[in-house]
Amino acid sequence: VVILGAGFGGLAAARALRHARVEVLVIDRHNYHLFQPLLYQVATAGLAPNDIAQPIRSILGRQDNAAVMLAKVTGVDVARKQVLLDDRRVAYDDLVIATGARHAYFGHDDWEAHAHGLKRIDDATFLRRKILLAFERAEAATDPASRRRWLNFVVVGGGPTGVEMAGAIMELARRALAADFRAIDPREARVTLVQSAPRILPSFAPGLSRAAHRRLEVMGVDIRLSSRVTGCDALGVSIDAARIESGTIVWAAGVMASPAGQWLGAETDAVGRVRVRPDLSVPGAANVFVIGDTALTQDRRGRALPGLAPVAKQQGLFVARLLARRARNPKARGRFAYRGVGLWATIGRRSAVIQAGPVRLSGPIAWGLWSLAHIYLLIGFRNKVAVAASWAWNYVTFQRGARLITGDDSNPAPRDAM
Ligand SMILES: Cc1cc2nc3c(=O)[nH]c(=O)nc-3n(C[C@H](O)[C@H](O)[C@H](O)COP(=O)(O)OP(=O)(O)OC[C@H]3O[C@@H](n4cnc5c(N)ncnc54)[C@H](O)[C@@H]3O)c2cc1C
């Protein structure tokens, strides 16, 4: 079994195959598994990159039937049952594609140079650099307009990532950096959250959206609802008829599936997700499965499942079990059904919203549950301890330990590069 991608879906599949009578090869372009839900905390200096990532080899090191290959996949030859890499081909009997998604600018790729998305470790450390440098540049600026521009932060997209980023930047400015500068007062920083829909967190119940909205406003975030970004450039953002001069624009407005649909010549939806059969295999190729953010799957009522870690994990587990059964009985069949675990988002250091079945929670209790759940879900004992210790320290001292400006001003590697 060849598994492409060691994110939530691919890793769940690989680990669930540990007792199956198959040989597993996991191919990823990075040597680490990344816990994306906490990326925003790396971008805002709350956590260090290695707190939320773990080498794939160490995760699978004790699994005798699993091997790992660091390589970028460039295509799939379904007829010959081979995966195409930059410099060679790898044969498979069964293939599981779990190559995730990337941020997308929907026809405005030129905005990428100015509005930075958050998907990989490199994106997070790049944004951390941009955000921290903005305060340094404001401190050094001699004219008020330029100082104002450096202290304006714009987050585009009012889903969970945008809400979490806006809250975290605001807290960085108002708490962690408050006493560190002389020429500027970081507390004067302005964070604007731009959302095209009439409410933030539109996938949550309206009451939770309102609770998150109120909380962000109390924190000082300026929320622009039903507002569309019409331009991004080096000096700021155009929003419908308005203009915000800003040196830091964070893009949290949209994602596009990995190009697996093109590799397979399969039917996809508007955001590139492959339409799969109920057993997650690709129509016309019963031994090729697509899972996670790259797949278009539905719940019992026919609604598309969202791009969430639990969806990817459950799909990885499902495919692994199906393959293990097929190793014993080639006629084994299955049908994937998602068991929802709810929607979660944090708003700053003491508030969160949780929607799980009939349960609706907001405020500090939701934040406590959110924190415990994320520590539990992190892979690796070291990471669990490191994150718990960092959060406890940040909570008590209001400090952010990972406030390092590293790297250079060039964009991180292009979205499709290694
Ligand atoms: C900032 C952010 C915050 C999020 N917050 C939450 C949250 O709070 N809760 C939640 O449930 N979900 C959250 N998500 C979504 C969740 O992370 C995804 O739904 C989940 O990661 C999807 O799993 P996956 O296995 O499909 O893909 P991923 O986990 O993205 O893994 C894809 C893997 O494929 C590899 N890969 C990609 N292309 C290639 C290639 N060409 N060759 C080789 N390897 C390749 C990548 O390196 C990666 O390791 C968040 C996502 C982001 C970006």
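Position 1 is the first residue of the sequence, and the numbers go up from there. Each ligand, and each atom within it, is numbered from 1 in the order the structure gives.
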**Q** Got more than 12 heavy atoms from elsewhere within 6.0 Å of CZ, Arg325?
**A**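 Count over threshold, so yes.
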**Q** Pull out every atom of ligand 1 sitting under 4.0 Å from any heavy atom of Ala71, numbered as shown with elements.
**A** 42 (N), 43 (C)
**Q** Does ligand 1 have any atom that is closer than 4.0 Å to a heavy atom of Leu118?
**A** yes
**Q** Quick one: do Glu171 and Arg349 make a salt bridge, cutoff under 4.0 Å?
**A** no
**Q** So, Ser238 versus Thr230: side-chain donor-acceptor pair below 3.5 Å or not?
**A** no
**Q** Taking distance alone, with N or O pairs closer than 3.5 Å, would you say Gly9 contacts ligand 1?
**A**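 N/O-N/O distance under 3.5 Å: yes.
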**Q** For Gln262, I'd like to know if atom CD has over 12 heavy atoms of other residues, nucleotides or ligands within 6.0 Å.
**A** no
**Q** Identify which of Gly100, Pro37, Gly7 has a heavy atom lying nearest to atom 4 (C) of ligand 1.
**A**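 Nearest heavy atom to atom 4 (C) of ligand 1 lies in Pro37.
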**Q** Please examine the side chains of Arg128 and Leu404, heavy atoms only from C-beta on, and report whether any two atoms are closer than 4.5 Å.
**A** yes
**Q** Quick test of your reading of the model: are Asp87 and Lys72 salt-bridged, counting only N-O distances below 4.0 Å?
**A** no
**Q** Are the aromatic rings of Tyr338 and Phe318 close, with centres under 6.0 Å apart?
**A** no
**Q** So is Ala98 touching ligand 1 or not, going by heavy atoms under 4.0 Å?
**A**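 So Ala98 counts as touching ligand 1.
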**Q** Polar-atom distance check: Ser258 versus ligand 1, any N or O pair below 3.5 Å?
**A** no
**Q** According to the side-chain hydrogen bond (donor to acceptor under 3.5 Å, both in side chains) rule, which pairs have a member within residues 38-51, sequence neighbours left out?
**A**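 Non-adjacent pairs meeting side-chain hydrogen bond (donor to acceptor under 3.5 Å, both in side chains): Tyr40-Thr346, Gln41-Trp391, Asp51-Arg382.
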**Q** Between Arg328 (side chain only) and Arg21 (backbone N and O only), is there a donor and an acceptor less than 3.5 Å apart?
**A**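 Not confirmed, Arg328 side chain does not pair with Arg21 backbone.
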**Q** Counting both backbone and side chain atoms, is some N or O of Tyr32 under 3.5 Å from an N or O of ligand 1?
**A**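 There is no such contact.
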**Q** What atoms of ligand 1 come closer than 4.0 angstrom to any heavy atom of Gly5?
**A**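 Near Gly5, the atoms of ligand 1 are 33 (C), 34 (O), 35 (C).
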**Q** Under the ring-ring contact (aromatic ring centres under 6.0 Å, His included) rule, collect the residues that match up with Phe106, sequence neighbours excluded.
**A** none
**Q** For atom 49 (O) of ligand 1, tell me which residue out of Val73, Val311, Asp28 has the closest non-hydrogen atom.
**A** Asp28
**Q** Using a 4.0 Å cut-off to any heavy atom of His30, which atoms of ligand 1 qualify?
**A** 47 (O)
**Q** Any nitrogen or oxygen of Leu308, main chain or side chain, under 3.5 Å from a nitrogen or oxygen of ligand 1?
**A** yes
**Q** Does Leu378 offer a backbone N or O that forms a donor-acceptor pair with the side chain of Lys384 under 3.5 Å?
**A**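 Side chain of Lys384 to backbone of Leu378, a donor-acceptor pair under 3.5 Å: yes, one is there.
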**Q** For Asp269 and Arg273, indicate whether the former's side chain and the latter's backbone hold a donor-acceptor pair under 3.5 Å.
**A**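 Confirmed, Asp269 side chain pairs with Arg273 backbone.
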**Q** Would you mind listing which atoms of ligand 1 come within a distance below 4.0 Å of any non-hydrogen atom of Gly292?
**A**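 Every atom of ligand 1 under 4.0 Å from some heavy atom of Gly292: 26 (O).
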**Q** Counting heavy atoms only, which part of Ala252 comes closer than 4.0 Å to ligand 1: side chain, backbone, both or neither?
**A**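 None of Ala252 does.
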**Q** Any atom of ligand 1 sitting under 4.0 Å from a heavy atom of Pro310?
**A** yes
**Q** Just which atoms of ligand 1 are under 4.0 Å from any heavy atom in Asp293?
**A**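 This gives 18 (C), 19 (O), 20 (C), 22 (C), 26 (O) as the contact atoms.
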**Q** So for ligand 1, is Gly307 a polar contact partner (N or O within less than 3.5 Å, distance only)?
**A**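 Right, the criterion is met.
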**Q** Does at least one non-hydrogen atom of Thr161 fall below 4.0 angstrom from an atom of ligand 1?
**A**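 Heavy atoms of Thr161 do come under 4.0 Å of ligand 1.
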**Q** Would Gly316 count as a contact of ligand 1 if the rule is a heavy atom under 4.0 Å away?
**A**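 Not so, Gly316 does not reach ligand 1.
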**Q** For ligand 1, is any non-hydrogen atom under 4.0 Å from Ala312's backbone (N, CA, C, O), its side chain (CB onward), both, or neither?
**A** side chain
